[in-house]
There are 2 protein chains.
Amino acid sequence: MAERGRTKQATMRDVARLAGVSTATVSFAINNNPRVSPTLRARVMAAIEQTGYAPDAAARTLRRGVAPSLGLIISDITNPNFATIALAVERAAQARGYGVFICNTDEKLEDERNYLRLMRAQRVAGLLLATSGRDDAAHAARLAAEVAMPVVLIDRPMSGLDWDSVVTDNVGAAHAAVAHLVALGHRRIGYVGGLPHLVLADQRLEGYRRALAEGGIAFDPALVRQGNYRPHEAAASTRALLAGADRPSAIFGTNAITILGVMQGIAELGLAVPAEISVVGVDDVPWATVVRPGLTTVVQPSAEVGALAVEMLLDRIADPGRPPRHEVLPTNLVVRGSAAPLA
Amino acid sequence: MAERGRTKQATMRDVARLAGVSTATVSFAINNNPRVSPTLRARVMAAIEQTGYAPDAAARTLRRGVAPSLGLIISDITNPNFATIALAVERAAQARGYGVFICNTDEKLEDERNYLRLMRAQRVAGLLLATSGRDDAAHAARLAAEVAMPVVLIDRPMSGLDWDSVVTDNVGAAHAAVAHLVALGHRRIGYVGGLPHLVLADQRLEGYRRALAEGGIAFDPALVRQGNYRPHEAAASTRALLAGADRPSAIFGTNAITILGVMQGIAELGLAVPAEISVVGVDDVPWATVVRPGLTTVVQPSAEVGALAVEMLLDRIADPGRPPRHEVLPTNLVVRGSAAPLA
DNA sequence: ATGAAAGCGCTAACAC
DNA sequence: GTGTTAGCGCTTTCAT
């Protein structure tokens, strides 16, 4: 019974013929041009209804030079932070008539470059970009050359590029987490972070150092571990930190992936949280309330990042000359109990 | 310094002019048509390199009638099962030169319908669809009418539609989980499920009943709770199940979202797992190894579902007349300790 | 207030 | 082996 192939679509000419008007009139009617009289418009709309006509996006794109779609370039959609951003992006775009191409670079610069090319070929109206490149002049220059269209940087800032950006307050997030631990009396606080070459990493480390300094605690590089976005590696880092002689009494894990690894590492060692080790994480990890006591985390406003970024991108598309905006959204410390006063 | 607007792209005519050939030759060269000599092809390629030319997808789509892109229609990308599917889909599609439009329906049939329209307008080459509709004739008929292009059903089967499909063995998954509990001596086993109108739900309930029957245990409807895909509701169901007089000694949570709610509900009641209540879940939830003891789950091959679905969709696109394939991928019980022998 | 027609960039049938 | 050209479906200028 079911059709499995492609059904031929009605075109504007079919509609025009049926309504007894020209294709120009159909076009103007569709695009709400006031030049068509209400009577005619009604006739056109009826014909559209009857034929099941839907405008061909390709033809429209060819004519207008730009497609009704946006590109979302991230490293990995299974990262909950990116998934939440993606959901918000897609819903906001959909509401404004745009489709969203999703691109997972897996942190590979070459993949990112390929996607930029692909998005250019697709004539997408604009790009939401969480770049995997390091924050240096060379990468900035290459990006500027390769992007060549409206773009909003999301989640991961690039200091050398004066483009619109929407990021969370990374310094503030790390500061809040670590200050919380310091206030509880902790003085040796381990830091388990993600990819060290991202600005984001510098910023979170900066927040960590600042909170330590405010507590009169000397920075000890031996307590800092950074690595890739794999729980396994974060677990290994955690075990290493906790195996040392002068082991930390608390650990800060700087994102959803690393905090997962941190908790796994602690579980493997059989240590009790928070009795033997206090923990603070980042991100609204779904399982925060499943572990007992609940995981204290600094929550990023991922959905807001996505929604705001779409707004800003559409503004940029509408007016390429407007001055760039840089939005830094605040984070929120949610205290649940995985960090306790130092005994 | 940075360009914020759109840079004009080189067209095929620019390339042709520079190479001193016709646009036809450029086109044939690009599409690897053997009629262009190696020498000429090299000249064309050089010109392409020099101009930075990239084919305009819109023009190509208009001409060919179909875009180099696929639509992925799911309910919610933040569901880890869908996120993993989406990642695999996107990577597989990208490798074959296709972009992927991501569509989150939030389980709303109207949104699903709008997306079908949008995908049709975009002239996507095909669709990967996890429909939110119930498995009845009315929905099947409507889908058949609205889709009108190559499609592969993923994750959620529809019995009335003889389309290609890739799903996991839902009966087997539930059976494995519950049989595991029965083997441990449990006889009152709670069932906390998701959306009851999906075939998927029927199948998992079927697996549950079958495992009970094999253990000689009567089915008790009072032990079955189904609801939406929200952890909060699953937590409430769990508390209700455990508040009853003849409370279950074990609970089966049928997906990543509900098992999260189940664990939250248990945490709220302060019950010890598995000493006071045994638990088995579904899906490769990242936090399975964080809770102690680890969460025993039936793991779905989500990435395989996504990758295989892309393969099948491209096969379908290449040959619309081929007989439909129905793939049911096996699941895998991973025993970690959240289910223990009944004391 | 409406229609005719050019042209967006590409493909492929046809001509040489 | 290579060039010429019509036309995919739409938007929009220009003419009426």
Side-chain angles (χ1 to χ4, degrees), chain A residues 6-45 47-48 51-69 97 117-118 120-125, chain B residues 6-45 47-48 51-69 97 117-118 120-125:
Chain A
R6 180 170 298 273
T7 293
K8 215 174 63 218
Q9 313 263 343
T11 144
M12 213 156 96
R13 280 186 47 178
D14 301 327
V15 175
R17 194 161 29 224
L18 185 62
V21 297
S22 71
T23 58
T25 298
V26 176
S27 175
F28 287 123
I30 286 173
N31 295 298
N32 297 314
N33 187 309
R35 74 168 242 186
V36 315
S37 66
T39 358
L40 243 201
R41 147 176 274 96
R43 224 165 76 211
V44 170
M45 291 308 176
I48 287 177
T51 54
Y53 168 79
D56 181 319
R60 197 171 251 188
T61 298
L62 177 58
R63 187 54 227 234
R64 307 223 252 229
V66 45
S69 52
R117 208 192 325 278
L118 182 63
R120 205 139 38 84
Q122 294 279 1
R123 299 293 186 262
V124 297
Chain B
R6 179 171 298 272
T7 292
K8 215 175 65 218
Q9 313 262 343
T11 144
M12 215 155 94
R13 280 187 47 180
D14 301 327
V15 175
R17 193 161 30 223
L18 184 62
V21 298
S22 71
T23 60
T25 298
V26 176
S27 174
F28 287 122
I30 286 173
N31 295 299
N32 296 314
N33 188 307
R35 74 168 240 185
V36 311
S37 65
T39 356
L40 244 199
R41 148 175 274 98
R43 223 164 77 211
V44 170
M45 289 311 176
I48 287 176
T51 54
Y53 168 79
D56 181 318
R60 195 173 253 186
T61 298
L62 176 58
R63 185 57 228 235
R64 308 222 253 230
V66 45
S69 51
R117 210 192 323 277
L118 182 63
R120 207 141 35 85
Q122 293 280 2
R123 299 293 187 263
V124 297

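Order of the sequence lines sets the chain letters (A, B, ...), proteins ahead of strands, with each chain counted from 1.
Considering all non-hydrogen atoms of both residues, A:P68 and A:T61 come closest at CD-OG1, 3.6 Å. The minimum heavy-atom distance between B:T51 and B:L18, with the atom names listed, is CG2-CD2, 3.8 Å. Here the closest heavy-atom approach between residue B:A16 and residue B:T23 is recorded as CB-N, 3.8 Å. In terms of heavy-atom proximity, B:P55 sits nearest to A:A121 at O-CB, 3.6 Å. When all heavy atoms of B:Y53 and B:M12 are compared, the pair lying nearest together is CE1-N, 3.4 Å.
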Please list, pair by pair, any protein nitrogen or oxygen found under 3.5 Å from a nitrogen or oxygen in nucleotides 10-12 of chain C.
residue: C:dC10; atom: OP1; partner: B:Y53; partner atom: OH; Å: 2.5
residue: C:dC10; atom: OP1; partner: B:D56; partner atom: N; Å: 3.1
residue: C:dC10; atom: OP2; partner: B:T11; partner atom: OG1; Å: 3.3
residue: C:dC10; atom: OP2; partner: B:M12; partner atom: N; Å: 2.6
residue: C:dT11; atom: OP1; partner: B:R60; partner atom: NE; Å: 2.6
residue: C:dT11; atom: OP1; partner: B:R60; partner atom: NH2; Å: 3.3
residue: C:dT11; atom: OP2; partner: B:S27; partner atom: OG; Å: 3.0
residue: C:dT11; atom: O2; partner: B:R63; partner atom: NH1; Å: 2.1

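The CG atom of A:N32 sits 15 Å away from the C1' atom of D:dT11 (whole-angstrom rounding). Rounded to a whole Å, the CD atom of A:Q9 is 12 Å from the C1' atom of D:dG9.
The closest side-chain heavy-atom distance from A:R60 to A:I30 is below 4.5 Å.
Looking only at distances, no side-chain donor or acceptor of A:R123 sits under 3.5 Å from a matching main-chain atom of A:A67. Under the 3.5 Å distance criterion, the side-chain polar atoms of B:D56 are matched with a main-chain donor or acceptor of B:A58. Between the side chain of B:N31 and the backbone N or O of B:N33, no donor-acceptor pair lies under 3.5 Å.
Interface residues of residues 33-43 of chain A facing DNA chain C, ordered by number: A:R35, A:V36, A:S37, A:L40; criterion, heavy-atom separation under 4.0 Å.
Between B:R13 atom CZ and B:R17 atom CZ the span is 5.5 Å, to the nearest 0.5 Å.
If one axis is set at each end of the helix from C:dA1-D:dT16 to C:dC16-D:dG1 from five pairs, those axes are 40° apart, to 10°.
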